[in-house]
Amino acid sequence: EIYTRSIVGSVRCVQETGFESSGKTLLVRRLKDQKAQIDPNTTPTNGIEVDSYTFEGVRYDVREAGASMIASWEQLQADSLLIIFVIDSEASSKFADAIIEIRAILKNKGIPLLVLF
């Protein structure tokens, strides 16, 4: 069931969420290029950015939802194959908020969740 709802044509959708400055953009860049480095000029993601990459002949669309989209995260995750939640391990002041959001994500039964620190 997950796979049929997560495939748009031959594309698998992966939802990436997390609070501002947690490293979401860097993660997407590293999926494409393992040598990608932190860019101090990276600006916060406003809205949704979609990056595509191919792995073993399968195309994946990684939808990076910026922190400004927090109210829409649940709706955006509905057709995802996987949800990646990125947490800045140095931002301990946001851990409690992250737990609240992760608990909300876990209500989407059947969608795997990967939490990265």
Side-chain angles (χ1 to χ4, degrees):
E1 178 187 6
I2 293 171
Y3 295 101
T4 56
R5 77 166 178 224
S6 300
I7 299 172
V8 180
S10 61
V11 177
R12 273 79 169 173
C13 298
V14 175
Q15 182 66 43
E16 182 188 35
T17 57
F19 297 116
E20 186 175 310
S21 299
S22 60
K24 298 179 303 292
T25 301
L26 179 59
L27 175 62
V28 170
R29 289 177 183 165
R30 287 222 172 134
L31 287 172
K32 286 182 146 183
D33 177 6
Q34 293 181 357
K35 295 178 183 177
Q37 298 295 315
I38 294 173
D39 180 355
N41 297 317
T42 299
T43 58
T45 302
N46 290 315
I48 301 168
E49 290 186 15
V50 179
D51 284 284
S52 299
Y53 70 97
T54 302
F55 178 73
E56 294 185 357
V58 178
R59 183 176 142 200
Y60 293 85
D61 279 353
V62 178
R63 297 178 300 197
E64 178 186 345
S68 64
M69 298 294 294
I70 195 168
S72 303
W73 281 358
E74 186 174 344
Q75 179 183 349
L76 294 168
Q77 296 160 356
D79 67 341
S80 297
L81 174 69
L82 170 69
I83 300 168
I84 302 172
F85 193 95
V86 182
I87 300 172
D88 179 354
S89 62
E90 294 186 16
S92 59
S93 63
K94 294 186 180 183
F95 286 178
D97 292 333
I99 290 170
I100 291 168
E101 293 305 321
I102 289 168
R103 290 184 65 162
I105 291 169
L106 290 173
K107 291 179 183 177
N108 287 324
K109 295 180 178 13
I111 303 175
L113 171 64
L114 173 63
V115 178
L116 298 176
F117 286 87

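Applying the salt bridge (Lys or Arg N to Asp or Glu O under 4.0 Å) rule to pairs touching residues 33-45 yields nothing, sequence neighbours excluded. For residues 40-57, the set of pairs meeting the salt bridge (Lys or Arg N to Asp or Glu O under 4.0 Å) definition, not counting sequence neighbours, comprises K32-D51. The stretch residues 24-55 participates, sequence neighbours left out, in these ring-ring contact (aromatic ring centres under 6.0 Å, His included) pairs: Y53-Y60.
A distance of 12.0 Å separates NZ of K107 from CD of Q77, quoted to the nearest 0.5 Å. Distance CD1/I87 to OG/S92: 11.5 Å, rounded to 0.5 Å. D61 CG to S80 OG: the interatomic distance, rounded to the nearest 0.5 Å, is 10.5 Å. Between atom CZ of residue F117 and atom CZ of residue F95 there is a gap of 6.0 Å, rounded to the nearest 0.5 Å.
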**Q.** Derivation of the side chain to side chain contact (heavy atoms under 4.5 Å, CB included) call for T42 and L26
**A.** CA-CA 9 Å; T42 299; L26 179 59; over 6 Å; no
Q: Could you please spell out the steps behind the side chain to side chain contact (heavy atoms under 4.5 Å, CB included) verdict for D88 and K94?
A: CA-CA 8 Å; D88 179 354; K94 294 186 180 183; over 6 Å; no
**Q.** Stepwise side chain to side chain contact (heavy atoms under 4.5 Å, CB included) test for L27 and V62
**A.** CA-CA 10 Å; L27 175 62; V62 178; over 6 Å; no
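Hydrophobic clustering, with ILVMFWY side chains joined whenever heavy atoms are under 4.5 angstrom apart, groups I105 together with V115. Under a hydrophobic-cluster definition in which Ile, Leu, Val, Met, Phe, Trp and Tyr are linked whenever side-chain heavy atoms come within less than 4.5 Å, directly or via other members, I99 and L113 are assigned to different clusters. Residues V50 and I83 fall within the same hydrophobic cluster, defined by Ile, Leu, Val, Met, Phe, Trp and Tyr side chains chained together at heavy-atom separations under 4.5 Å.
Closest heavy-atom contact between W73 and A67: CZ2-CA, 4.2 Å. When every heavy atom of L76 is checked against every heavy atom of D79, the shortest pair comes out as O-OD1, 3.6 Å. Nearest heavy-atom pair, M69 versus G47, reported as atom, atom and distance to 0.1 Å: CG-O, 3.3 Å.
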Would you give me the side-chain donor-acceptor pairs under 3.5 Å for residues 13-23, sequence neighbours excluded?
| residue | atom | partner | partner atom | Å |
| --- | --- | --- | --- | --- |
| Q15 | OE1 | R63 | NE | 3.3 |
| Q15 | NE2 | R63 | O | 3.2 |
| S22 | OG | F19 | O | 2.8 |
| S22 | OG | V86 | O | 3.4 |

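Every residue two or more places apart in sequence or in another chain that forms a side-chain contact (heavy atoms from CB on, under 4.5 Å) with L114 is listed here: L82, I84, L116. Considering only residues two or more places apart in sequence or on other chains, D97 meets the salt bridge (charged side-chain N to carboxylate O under 4.0 Å, His left out) condition with none of them.
In this structure the side chain of Q37 reaches within 4.5 angstrom of the side chain of R30, judged on heavy atoms.
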